[in-house]
*Asks:* 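Below is the structure I would like to discuss, written out as structure tokens.
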Amino acid sequence: MLKKVVQDALNAQVKIEAQSSQVYLAMAAWAEIQPGIDNITAFFYRHSDEEREHMLKLIHFINERGGFSVIPALEQPQLTFPSIKHAFQQLLEHEIMVSESINKCVEIALEEKDYATSNFLQWYVAEQIEEEALARTINDKLELIGDEKSGLYMFDRDILTVSMEAEK
Ligand code: FEO
């Protein structure tokens, strides 16, 4: 049976994962109407789907442990971005926030001697290392490209390889 303090922390994380999915969905919808960045668009849509999976995994865990998973209300995400670079900068900042929040959940689980939850959360700890690394790689590439249109065209091609390598 989950202790209330652990359940509350996990439910807060459900909201963060759900909100992440919305944030990236908004980036995807915005990217979709920009010319020539189909792979970047697909990347954001896929990332949004992954966040929904992260959320579902938490929901099932909470309920399977005898808790109650609260489906949260979400905030309106940012809808437009000054540039692709800005969107990816926000993605990185967002992932750093998610990592901090996961770490907080682990801390609470350990304080409560809830080793099953701590163990379950290790998957998220590892996932966050990968997501932050991927976001940093993308931001570094965009930094090199600057504002060149031709660079962005190549980046749109590269993002397929970058994200596939990250998933290996
Ligand atoms: Fe589920 Fe990208 O954090």
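Each ligand, and each atom within it, is numbered from 1 in the order the structure gives.
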*Asks:* Hey, is E75 close enough to K15 for a salt bridge, meaning N to O under 4.0 Å?
*Replies:* yes

*Asks:* Which protein N, O or S atoms lie under 2.8 Å from atom 2 (Fe) of ligand 1?
*Replies:*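 Atoms qualifying: E51 OE2, E95 OE1, E95 OE2, E131 OE1.
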
*Asks:* I'd like to check the ring-ring contact (aromatic ring centres under 6.0 Å, His included) partners of F81; sequence neighbours left out, ordered by chain and number.
*Replies:* W30

*Asks:* Which pairs with one or both residues in residues 93-102 pass salt bridge (charged side-chain N to carboxylate O under 4.0 Å, His left out), sequence neighbours excluded?
*Replies:* none

*Asks:* Report whether L160 and Y153 are members of the same hydrophobic cluster (ILVMFWY, side-chain heavy atoms less than 4.5 Å apart, transitive linking).
*Replies:* no

*Asks:* Run through the side-chain heavy atoms of Ile, Leu, Val, Met, Phe, Trp and Tyr, join any pair under 4.5 Å, and report what else lands in F68's cluster.
*Replies:* V70

*Asks:* Do W123 and L58 share a hydrophobic cluster (ILVMFWY, side-chain heavy atoms under 4.5 Å, transitive)?
*Replies:*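 Yes; L58 is reachable from W123 via cluster members.
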
